[in-house]
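Take a look at the structure below.
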Amino acid sequence: MDKRMASLADAVADIPDGASVMIGGFGGSGVPIELIHALIDAGPRHLSVINNNAGNGHVGLAGLIEQGRVDKLICSFPRSADPRVFTELYLAGGIELELVPQGTLAERIRAGGAGIPAFYTPATYGTELAKGKPVGEFDGKSYVQERWLKADYALIKAEAGDPLGNLTYRMAARNFNPIMAMAAKTSIAQVSRAAALGDLDPEVVITPGIFIDRLVEVADPQQEEDLNRQEAAYP
Amino acid sequence: MDKRMASLADAVADIPDGASVMIGGFGGSGVPIELIHALIDAGPRHLSVINNNAGNGHVGLAGLIEQGRVDKLICSFPRSADPRVFTELYLAGGIELELVPQGTLAERIRAGGAGIPAFYTPATYGTELAKGKPVGEFDGKSYVQERWLKADYALIKAEAGDPLGNLTYRMAARNFNPIMAMAAKTSIAQVSRAAALGDLDPEVVITPGIFIDRLVEVADPQQEEDLNRQEAAYP
Amino acid sequence: MSHDLTDIKLSNAQIAWRAAQDIEDGAYVNLGIGFPEMVAKFQPDGREAIFHTENGVLGFGEAPAAGEEDWDLINAGKKAITLMPGASFFHHADSFAMVRGGHLDVAILGAYQVAQNGDLANWSTGKGGVPAVGGAMDLVHGAKRVAIITDHVTKKGEPKLLETCTLPLTGVGCVTRVYTSLCVVDIEGGRFVLREKLQALSLEALQAVTGATLHLDGAVAPLTAPSV
Amino acid sequence: MSHDLTDIKLSNAQIAWRAAQDIEDGAYVNLGIGFPEMVAKFQPDGREAIFHTENGVLGFGEAPAAGEEDWDLINAGKKAITLMPGASFFHHADSFAMVRGGHLDVAILGAYQVAQNGDLANWSTGKGGVPAVGGAMDLVHGAKRVAIITDHVTKKGEPKLLETCTLPLTGVGCVTRVYTSLCVVDIEGGRFVLREKLQALSLEALQAVTGATLHLDGAVAPLTAPSV
C-alpha cells in the first residue's frame, strides 16, 4: 500500500461542489497553503469549510473565500489583523458563519474522529452561543450538549510522512491537524519531508497512517505570514 | 519546580483509606509494579481501583487484592490466565466489580481528564451492560450515555520523565497510562529513566508535565510476566 | 452433530484461511483474541493487511521466537508480537477512537451465537463466574465490516446461527458476514443469505444444523479451503 | 471619569504586575491574548510559572528577537514565542483537555464587564461586525482560578464592575478575582469583596465608579505597584 500521490492537483482532484472540508492550521502555523491553492485551482464551489480562523490576506483560505468558493465557514475566530476578505463578504451576507468556541470546535472534531456522536461541555452554558442546544446537569453543574463534527475531506499539513500516511508535525503547527485527520472521510496530507517506510520511529508518530488517505510532498512549504508580508495573492 | 520524590514510599505515603486509584497497564505491560508494591506497604484499605484487568499471580494488583485492600474494581477484563486471587474473592462476594467495555473505560477516563462529564457511545447499546443508563438517538442510531471517570490518585508507569513530569512511554506499555495521568487529582509516575530538564524533545513528550504531580525513578522495573514465571508473591 | 459433518467440516485454520481471502490489500484489521488471531497467517500473496490491536499498536507482525519476547510489546491477547515497518504506538483512548470512529476496515471475532438480524453474543455464557468483556463491545461498532468466524454448531451440536440470540448480547445488528465450518453467510435485511457451502453438504443438511432459515440470493458457491 | 482618577490609576503594566504577584511558583497559567500576555513579564524573582497556550504549547518563553521568528512557534495571539526547557507540544483537543479538565491553576483574561456573581462579558460588544470568540468560553471554565485584569471603567468612564452584565456573556459565575486600575476585588457568594484599593482613593470615590456594591470583609490593603 502506498498513499503517495503524484501531485497536489491529483490529491484534491475529486473534491466536488458542496463538499465539507476541514483545513488544519491556527493562524498561519500548520496551514496547508499548497493544498488550499490546489483546491482553488481544482475549482469546486459551495464548500463548507471548517478552520479555526477565516484566513489572512489574499492567500490560502482567504484566497479560497475571495474566489467565492465557500458558502459556509465553521470557525472560532474569524477576526484577525487583515480580515478584509471574510469580513467584507460576511457583512454583505455572502457567507454563512457558524461560530464555535475553540475548545468546543476541537472537541467536536475529535468526537467526529472517535465515533462519539455527542458530549457535554461547560463552555457556552448561559451564553447566546448555547441557544437551542440541549442542556444537561451532572453533579449539580450545568453543561451544554454538543454534536460531533465530521467532514468529507481534511487538508492537513505535516512535517514528515511515510507511504502509509504516518505523520509527524513541527512545533505549534500541530494544532488542529491531527484531529482533523481523524474526522474526515478522506484525509489528504501535504508533508514537508517524505519519509521512507520504516524511517519514522513508531514512538514519535503523532498521526497513525490509518487516519490518512493520501499524501503529497511539498518540500519547502510557504508560510502564510511570509506571503502576507509580500502582499501575495492567489491565484 | 521539581516533582521528583525521594522514594516510592514518599510518593504514595498520603494515599488514604477509601481512595480511588487508577492503575495504568494492560496485562503486564505498563504496570507500575513498584508503585503498587509501595502502596501495599503503605497500607491503605477500602480502595476503589480502576485498571483494565484484575492482576495476575500474586504480585502487583493481584497482590493488592490478595491483601484485602480493594473493595471495588472497575475494569474491562478481570479474567486471565491465572486469575485465582480476584476470581476467588469475587465469587465469595468479597469484592465489588464494575464491568466496563474497554473502549468505554478508556473514553470515560479520557473524559474525566478532559472535563467532559458525559458522552454517548454505541458500545453496550441493547446489551445488559447498558441497563439503567440513558439512551440517546443521533442521526437515527442509538447510543448509550456514559459518565466521566476520575480518581483521587493515578499510578503511572513511564519510560523517561523530567523534573517537570514530562513523560515518554515504551511501546505498548503506553496503553492506559497517559489518559489516567489526566484523570486523577494526584498523578504519580514511576519512570525507568530520570531525564534532566530540557533533555526530552518537546515533540516526543506524550504526557505533558501538567498532568503529573510526582515522579520517582525505578531504573530497572520488574515485569509482571517475569515475576509470575518465578512464582513471586508480594509482600 | 452427526458424524458426517465432523468428517467434512473445515478446521479452525481453514475457516481462518477462508476469512483471510476477503481481506483487501492495505486493509486495517482487528482480529479478536484467540481463534481469530489465526487469520493473520493466511493473507493471500501480494496482499498485506495492517493489524490493529486495542492496546495501542498499529502495524504489528508475527510472534517473536521463543525467548525473544519483550513484554512491553504485546497484543490484546497479551501475547508477544513484533513490529512491521510503518508501525505506530498510541494510548488506549486513541486506539478506541480508531475502533469506534469507523477507521477499521474489518473486525473479525469469534461467537457463541449470531442472530439473523446481525445480533452477536460472544462475551458471556450467562452462567455466572467472573464476567469479562474486554474490547468486544466496542469492536462490534465502528469497523466497516464485522465478520465472525466460528464452528457452525456448539460442541454439543447446538446451532450457533439463530433467529434470536439466547445468550447475553455483545452488540445489536452488528455482524455483516459469518464464516463457519460449513458455510459462508451474509446478513442482509434481517436474514441469513447463504453465499457458500461445502459441496459435500446438501442445503437440507446444512439447514438442519442451522437455527434460522438460510435464504438464497443467486448461486451458492462451493466453500473450499486448502489443507492448512 | 474624573481627572483625578486618571492621574492616580495604575497603568496596564502595573495591573499586570499586580496580578503576577499572586501566581505561585510552578503554577500552570494561561494568559488571554493582548493585554493579559503582559503578566508574564512580571513574575517575581524565584518564581517561575509554566505558560500554556491554546494552540498546543506548554512551557513557552518570551518573544524571540526581531527577525528570529519561526512562524510554526506562535501563541494564541499569533505572536512568535520561544521555548523554555521542559516544554511540550500537543494537538488542540489535548490542549483544551488541559483547559476544560481543570489542569490549569490560573487563567488571566481581559473583560468588557464583570458582574458581582462572577459572570464575565469579554467577547462581543453586541454591536454587529464579525463575531469572534476564540478560546475564551473554554478558558473561563476549568482553570482553578479565573482572574480578570482590566481598567476599572470603560474609555467612556462607564463602570465595568456591575450588578449584571449587559453585554453578551462569555461565561456564567466563572470569575474569582478582578484586578483593576483602582482596586483588587474577590467574587464571593455573589458579591464583590474589596481586598485592595489605591490609598489615594476614598472608598466612596471608588464606589462611585463601580456599578455594584463593594463589600468589605476585614481590612482593605493598599494597592501598590512599582513603576514598570
Side-chain angles (χ1 to χ4, degrees), chain B residues 26-30 52-54 56 75-81 83 86-87 90-91 97 99-111 113-114 121-130 141-143 159 169-180 182 206-207 223-226, chain C residues 33 53-58 60 69-83 87-102 117 119-121 123-124 126 128-142 165 167-174:
Chain B
F26 180 93
S29 64
N52 186 65
N53 305 103
N56 263 298
C75 90
S76 93
F77 206 83
R79 215 185 287 147
S80 59
F86 175 81
T87 299
Y90 175 77
L91 295 178
L97 172 67
L99 190 70
V100 182
Q102 201 172 122
T104 300
L105 182 63
E107 191 66 14
R108 288 178 63 192
I109 295 167
R110 191 260 173 197
T121 172
T124 80
Y125 177 75
T127 78
E128 62 184 53
L129 292 190
K141 194 174 159 186
S142 295
Y143 297 85
E159 178 64 10
Y169 297 89
R170 183 165 182 272
M171 302 198 287
R174 190 180 301 190
N175 56 63
F176 282 91
N177 284 296
I179 52 175
M180 287 182 170
M182 298 168 65
I206 300 300
T207 293
Q223 200 85 4
E224 195 179 271
E225 286 81 355
D226 296 329
Chain C
I33 68 178
T53 181
E54 297 95 294
N55 55 317
V57 189
L58 191 67
F60 67 91
E69 297 89 352
D70 183 325
W71 296 110
D72 283 345
L73 186 57
I74 60 176
N75 66 12
K78 283 96 178 176
K79 296 196 190 77
I81 54 174
T82 54
L83 294 182
S88 56
F89 299 117
F90 33 86
H91 63 54
H92 247 87
D94 281 350
S95 183
F96 280 91
M98 289 178 195
V99 171
R100 201 190 302 103
N117 68 344
D119 287 1
L120 172 66
W123 75 281
S124 168
V130 176
V133 60
M137 285 196 187
D138 305 280
L139 281 165
V140 296
H141 300 284
C165 293
L167 293 174
L169 292 186
T170 305
V172 170
C174 52

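In this structure, CG in B/N177 is found 13.5 Å from CZ in B/R170, a value given to the nearest 0.5 Å. Rounding to the nearest 0.5 Å gives a distance of 8.0 Å between CG of C/N55 and NZ of C/K78. Atom CD in B/E128 sits 4.5 Å away from atom CH2 in C/W123 (nearest 0.5 Å). The line from OG1 of B/T207 to NE2 of C/H91 is 8.0 Å long, rounded to the nearest 0.5 Å.
Contact of C/H141 with chain B is made through the side chain alone, with heavy-atom distances under 4.5 Å. Heavy atoms of C/T53 lying under 4.5 Å from chain B are absent altogether. Both the backbone and the side chain of B/F26 come within contact range of chain C, with heavy atoms under 4.5 Å apart. Proximity to chain C (any heavy atom under 4.5 Å) is restricted, for B/R110, to the side chain, taken from C-beta onward. For B/L129, the part sitting under 4.5 Å from any heavy atom of chain C is the side chain, from C-beta outward, and nothing else. Residue contact with chain B, scored on non-hydrogen atoms closer than 4.5 Å, involves the backbone and the side chain of C/F89 alike.
Side-chain N or O atoms of C/S95 include none that pairs as donor or acceptor with a backbone N or O of C/H92 at under 3.5 Å. Judged by distance alone, with hydrogens and angles left aside, the side-chain atoms of B/N53 form a donor-acceptor pair with the main-chain N or O of B/G27 at under 3.5 Å. Distance alone, capped at 3.5 Å, places no donor-acceptor pair between the C/D72 side chain and the B/S29 backbone. Without hydrogens or angle criteria, C/R100 side chain to B/T121 main chain gives no donor-acceptor distance under 3.5 Å.
Taking C/A93, C/S88, C/A87 one by one and counting their heavy-atom pairs under 4.5 Å with chain B, the maximum is reached by C/A93. When each of B/L105, B/D226, B/L99 is scored by its heavy-atom pairs under 4.5 Å with chain C, the top score falls to B/L99. For the set C/A76, C/G142, C/S124, the count of heavy-atom pairs under 4.5 angstrom toward chain B peaks at C/A76. When each of C/G135, C/A97, C/G56 is checked for heavy-atom pairs under 4.5 Å with chain B, C/G135 comes out on top. Put simply, of B/T124, B/I109, B/V100, the one with the most heavy-atom pairs under 4.5 Å next to chain C is B/T124. Top candidate by heavy-atom pairs under 4.5 Å with chain C, chosen from B/A173, B/A54, B/S76, B/A130, is B/S76. Here C/V130 is the residue among C/V130, C/V172, C/L169 with the most heavy-atom pairs under 4.5 Å with chain B. The candidate from C/A121, C/C174, C/G129, C/A136 with the greatest count of non-hydrogen atom pairs under 4.5 Å with chain B is C/G129. Residue with the most contacts toward chain B among C/V140, C/D70, C/V99: C/D70 (heavy-atom pairs, distance under 4.5 Å).
Considering only heavy atoms from C-beta on, B/P178 comes within 4.5 Å of B/Y169 through its side chain.
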Please assess B/L97 against B/C75 for the test side-chain contact (heavy atoms from CB on, under 4.5 Å), listing each intermediate value before the final yes or no.
-> CA-CA 8 Å; B/L97 172 67; B/C75 90; 4.1 Å; yes

